[in-house]
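Remarks on the structure that follows.
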Amino acid sequence: MFSQYDIIVVGAGHAGCEAAYAAARMGSKVMLITMNMNTIAQMSCNPAMGGVAKGQIVREIDALGGMSGIISDKSMIQFRMLNKSKGPAMWSPRTQNDRMRFAEEWRLALEANPNVDFWQEMVTGIIVENQRVVGVTTGMGIEFRAKAVVLTNGTFLNGIIHIGEKQFGGGRTGERAAKGITEQLVQLGFESGRMKTGTPPRVDGRSLDFSKMEEQAGDENPGKFSYSSETKSLSRQRSCFITYTNPDVHSILETGFDRSPMFNGRIQGLGPRYCPSIEDKINRFAERSRHQIFVEPEGWDTVEIYVNGFSTSLPEDVQHKAMRQIAGFENAKMFRPGYAIEYDYFPPTQLSSTLETQLIENLYFAGQINGTTGYEEAACQGLMAGINAHHKISEKEEFTLSRSEAYIGVLIDDLINKGTDEPYRMFTSRAEYRILLRQDNADIRLTEKGHQIGLADDGRLRDVEQKNQETAKLINDLKQKKIAPAEANPSLNKLGTSELQHRTTYSKLVKRPQVSIMDLPAFQSDMADYLSKYEPEVLEQAEIILKYEDYIDKEHKMAEKISTLESVKISNDFDFDAIKALSSEAREKFKKIKPRTIGQASRISGVSPADISVLMVFMGR
C-alpha cells in the first residue's frame, strides 16, 4: 500500500516542518507523519518568532534556505528590532505573528513540494534492523519504511498536563500524548529524562481595558526576517501592551500554592530557568512587588490575547481571580487556563554533531526531544537534521556549522558536548564570537553554504555577492575620500564630538560612536546623492564593519586559532582506555560522547586542559 520513503519525519512542529522541507527540497522523498493535520506548525506557546539570540537563529535558517524567516514574515503583525540601544552584536529581530496564518503558510509551503507526503496518525515505535533504523510503526499497525527517520516529538512523549490538582495525558491542550517511543528507545539503550514547560491563560481581548496599559508599538520603519524578495515589510502593524502584577495579584496566587503541582511535588521535570511560571517568580523573587505582563494579540482579526509573563499551572479559579487584579484585566474573560506540561526528552550527549544518534544509525533527533525550548531552537535543529539525513542516505559529506560560523553551531555544540538538564534556551552570552555572529550578516556567513547543498537558490547567492561587492566599494570609498576640519567641525560640534585638527577620511569619522553613516550628508551635501545609491542594508553593513573593524579582526583571529584544534581528527574506534594519564571523568566522557576532533573534546563538560594536553601528546601532537 505504501511506497518506500527516503526519510520519515515524525512530528510536524517547527523542527519537523523544517526537517521535511529541507530534505524534500534537496531531493529526498519525505513522509511527514503527524497526529493532527490541523495543527501543523502550531505555535503552541506565544505567537511570536525571534527575540534576543533567537532572532539571529531565524536569520541563519533563512540564509541557509530554510523557511522559518519567510513564514514569519508572511504572518507577522508587528516587527521590532530589540536591543538597538546596545551594540550590533546584541540587535535581535522579533515578530509578533498571526497564529493561524503562521500555521497556514507553513502547511501551504509543505504541500507545494511534491516530494512531501503526509500521514495523520500516532507513531508508536521505530523499526530497527542491525542497529539501523529502517522505518516506523503506527498505532494502527501500519509500517512505513525509510532509509532515515527524524524524530521531532516536541512535548508529546508521555506528556502529562497539569492544572492545579488535575492532571491528564496530553502533548498539548486538547491533544493526546504519544506512547511507546520512549519505552522502545530506552530498551535500545538510550537514556531518557523528564522536563517541564508551561503556558499562560488566553483571554478575550474585548474584555480588557487597554487604556490602563502601556502601548508597545512596532518599529517606525519595520524590517523583516528573510533576506529574500519573496516577503515585504509591514505597512501597518498591531500594537502589543504592557501591564504589571501587584501585591494583590501575588496574594491571591499564593492561596493556590498548596494545590500547585510545582510546589507539592507532582511535577518531577525541570522547567526553563529563564522563563519561569508566575508562581515561581513570586516565590523566588518575593522582594518584588510587581512583574511585567506582555499583552499580545494572537492575530490580525482574532480577539484572543496571549498573556505573556503569566505562565502558570495553578488551579483555574485561582488563575482567573488573580488575573482580574491586574490593571486592565478587571473584567477579563478567560478562553482557557494556563497549564504546565511534563514530557520525556533524551539527553543530547547521545547524538553526533549531525544530530544522528550514536546508538542507531540513520536515526536523528531534533527539537524538544533534545531538551531545548523555543520555536527557533527547534526549527534550526530540524533544518540541520533534515539536511544531514538527506546527505547520509545520498552518501554526501556531513553538514555542520562551527561555533564561529553560526548560533546554530553554538547550540548544537553545546547540546552534544555539555548536554542539558533543564530546557536549553539560546542567549547571545552563549556565543563567544557574537561580534561575528550578528543578525545583519547571517546571509554573508551562510548563504553560500546553503547554495552549495541545494537549499538557497541562485538568486539568493547573487544578492549576497552584490551586497558584498557594494559594501566593499562603499567602505573603500569612505577610506579614500577626505574632509577638511573647516567642513567637518560645525557638524562634529552639533553631534557632541571633538573637532578635527587635520584632514581625515570619512571612514575615520564613521568610527566615532557619535557619528552615523547617515550623518555624512550634513558634512558635505554631495554625500546625500552618493549614499542614496546604496540599499539600507549595505549602508548598515558598511557602518558596522567600520565601527567594529578591530573587534571583528580580533574575533576572526581567535576563531582561526581555535579552528586548528578542529583539524585534529579522532577516529570513531579510538581507544581512550589506552591513555592511562587521562582523568577517569574525561575517559568516561570521551567514551560516551565520542568526540570527532580535539576541539570538540576540549569543549566537553568536565574535561580539563590537562586532559586535552595528555590526549594531544598521545596522538603525537
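The shown structure was predicted, so the numbers you read here are calculated from the model rather than taken from an experiment.
With sequence neighbours excluded, the residues that form a side-chain contact (heavy atoms from CB on, under 4.5 Å) with Ala48 are Asn46, Arg94, Gln96. With sequence neighbours excluded, the residues forming a ring-ring contact (aromatic ring centres under 6.0 Å, His included) with Tyr534 are Tyr530, listed by chain and number.
Annotation: side chain of Leu474 is in contact with side chain of Leu531 (closest heavy-atom distance under 4.5 Å). Using a 4.5 Å heavy-atom cutoff, the side chains of Leu455 and Leu383 are in contact. Within the 4.5 Å cutoff, side-chain heavy atoms of Pro297 are placed close to those of Ile77. Taking the side chain as every heavy atom from C-beta outward, Asn36 and Gln120 approach each other to under 4.5 Å. You'll find the side chain of Arg80 stays beyond 4.5 Å of the side chain of Gln237, heavy atoms only. You'll find the side chain of Glu405 stays beyond 4.5 Å of the side chain of Arg445, heavy atoms only. Within the 4.5 Å cutoff, the side chain of Arg259 has heavy atoms near those of the Asp317 side chain. Residues Pro93 and Arg59 form a side-chain contact, since some pair of their non-hydrogen atoms from C-beta on lies under 4.5 Å apart.
At least one test fails for Arg438 against the ring of Tyr548: distance under 6.0 Å to the centre or angle within 45° of the axis. In this structure, Lys84 is positioned above the aromatic face of Trp91, its NZ or CZ under 6.0 Å from the six-membered ring centre and within 45° of the axis.
Looking only at distances, a side-chain donor or acceptor of Arg434 sits under 3.5 Å from a matching main-chain atom of Ala431. At least one donor-acceptor pair under 3.5 Å links the side chain of Tyr375 to the backbone N or O of Cys45. Formation of a donor-acceptor pair under 3.5 Å by the Thr255 side chain with backbone atoms of Ile252 is found in this model. Using a distance-only test at 3.5 Å, with no hydrogens or angles considered, no donor-acceptor pair links the side chain of Glu555 to the main chain of Tyr551. Using modelled atom types, no side-chain atom of Gln514 and backbone atom of Leu495 make a donor-acceptor pair closer than 3.5 Å. Remark: the backbone N or O of Val510 is paired with a side-chain donor or acceptor of Lys547 at under 3.5 angstrom. Asp219 places no side-chain N or O within donor-acceptor distance of the main-chain N or O of Asn221, the cut-off being under 3.5 Å. Checking side-chain atoms of Gln42 against main-chain N and O of Ala103 turns up no donor-acceptor pair under 3.5 Å. Side-chain atoms of Asn83 never come within 3.5 Å of backbone atoms of Val52 as a donor-acceptor pair (strictly under, hydrogens ignored). Proximity of a side-chain donor or acceptor of Thr152 to a complementary backbone N or O of Gly11 within less than 3.5 Å is detected.
For the 3.5 Å distance criterion, the side chains of Asn97 and Thr95 qualify, holding a donor opposite an acceptor. Residues Ser239 and Glu215 bring a donor and an acceptor atom of their side chains to less than 3.5 Å of each other. Gln541 and Asp440 form a side-chain donor-acceptor contact under 3.5 Å, judged by distance and modelled atom types alone. A donor and an acceptor atom, one from each side chain of Gln56 and Ser92, are located under 3.5 Å apart. Checking Glu18 against Ser68 by side-chain atom types alone, a donor-acceptor pair falls below 3.5 Å.
Between the CE atom of Met213 and the CD1 atom of Ile242 there is a distance of 11.0 Å, given to the nearest 0.5 Å. Atom OG1 of Thr155 sits about 5.5 Å away from atom CD of Gln368, to the nearest 0.5 Å. Between atom CG of residue Asp98 and atom OG1 of residue Thr302 there is a gap of 8.0 Å, rounded to the nearest 0.5 Å. Summarising the geometry, atom CG belonging to Asp463 is positioned 12.0 Å from atom OH belonging to Tyr227; distances are rounded to the nearest 0.5 Å. To the nearest 0.5 Å, the span separating CZ on Arg172 from CD1 on Ile161 amounts to 10.0 Å. Note: Phe523 CZ to Leu492 CG = 4.5 Å, rounded to the nearest 0.5 Å.
In Met518, the CE atom is not crowded: 12 or fewer heavy atoms of neighbouring residues, nucleotides or ligands sit closer than 6.0 Å. Within a 6.0 Å radius of NZ in Lys511, more than 12 heavy atoms belonging to other residues, nucleotides or ligands are found.
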Before giving the answer on salt bridge (Lys or Arg N to Asp or Glu O under 4.0 Å), spell out for Lys449 and Glu60 the whole-Å C-alpha distance, their side-chain angles and the decisive distance to 0.1 Å. CA-CA 11 Å; Lys449 290 178 179 292; Glu60 290 175 354; over 6 Å; no

Check the pair Thr231 / Met76 against side chain to side chain contact (heavy atoms under 4.5 Å, CB included), numbers first and verdict last. CA-CA 11 Å; Thr231 63; Met76 66 179 166; over 6 Å; no

Test side chain to side chain contact (heavy atoms under 4.5 Å, CB included) on Val249 and Phe310 and set out the steps. CA-CA 11 Å; Val249 175; Phe310 205 81; 4.2 Å; yes

Please determine whether side chain to side chain contact (heavy atoms under 4.5 Å, CB included) holds for the pair Leu520 and Ile517, giving the CA-CA distance in whole Å, both sets of side-chain angles, and the decisive distance to 0.1 Å. CA-CA 6 Å; Leu520 297 185; Ile517 203 167; 4.0 Å; yes

Evaluate side chain to side chain contact (heavy atoms under 4.5 Å, CB included) for Ser44 paired with Thr199, printing each intermediate quantity in order. CA-CA 8 Å; Ser44 305; Thr199 193; over 6 Å; no

Could you go through residues 279-291 and list every donor-acceptor pair under 3.5 Å that involves a side-chain atom there, pairing it with any protein atom two or more places apart or in another chain?
unit_1	atom_1	unit_2	atom_2	d
Glu279	OE1	Thr312	OG1	2.8
Glu279	OE2	Ser313	N	3.1
Glu279	OE2	Ser313	OG	3.3
Asp280	OD2	Arg284	NH1	3.1
Lys281	NZ	Gly309	O	3.1

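A salt bridge does not link Glu470 with Lys533: every distance from a Lys NZ or Arg NE/NH1/NH2 to an Asp or Glu carboxylate oxygen is 4.0 Å or more. Remark: Glu298 engages Arg202 in a salt bridge, criterion side-chain N to carboxylate O under 4.0 Å. Using a 4.0 Å cut-off between a side-chain N of Lys or Arg and a carboxylate O of Asp or Glu, Asp62 and Lys224 do not qualify as a salt bridge. The pair Lys467-Glu535 does not meet the salt-bridge criterion, since no charged nitrogen lies less than 4.0 angstrom from a carboxylate oxygen. Contact check on Asp414 versus Arg403 returns a salt bridge, with a Lys/Arg side-chain nitrogen under 4.0 Å from an Asp/Glu carboxylate oxygen.
Taking both residues in full, the closest heavy atoms of Lys333 and Ser207 are given as N-OG, 2.9 Å, listed atom of the first, atom of the second, then distance. The minimum heavy-atom distance between Phe225 and Ser72, with the atom names listed, is CD1-CB, 3.7 Å. Closest approach of Ile40 to Leu110, counting heavy atoms only: CG2-CD1, 4.1 Å. Smallest separation of non-hydrogen atoms from Gly338 and Ile163: O-CG1, 3.9 Å. Across Ala12 and Leu32, no two heavy atoms sit closer than the pair CB-CD2, 4.0 Å. Ser226 and Ile70 get closest at one heavy-atom pair: OG-CG1, 3.5 Å.
Between Tyr21 and Trp106, the ring planes are perpendicular. Angles over 60° get that label, and only those under 30° would be called parallel.
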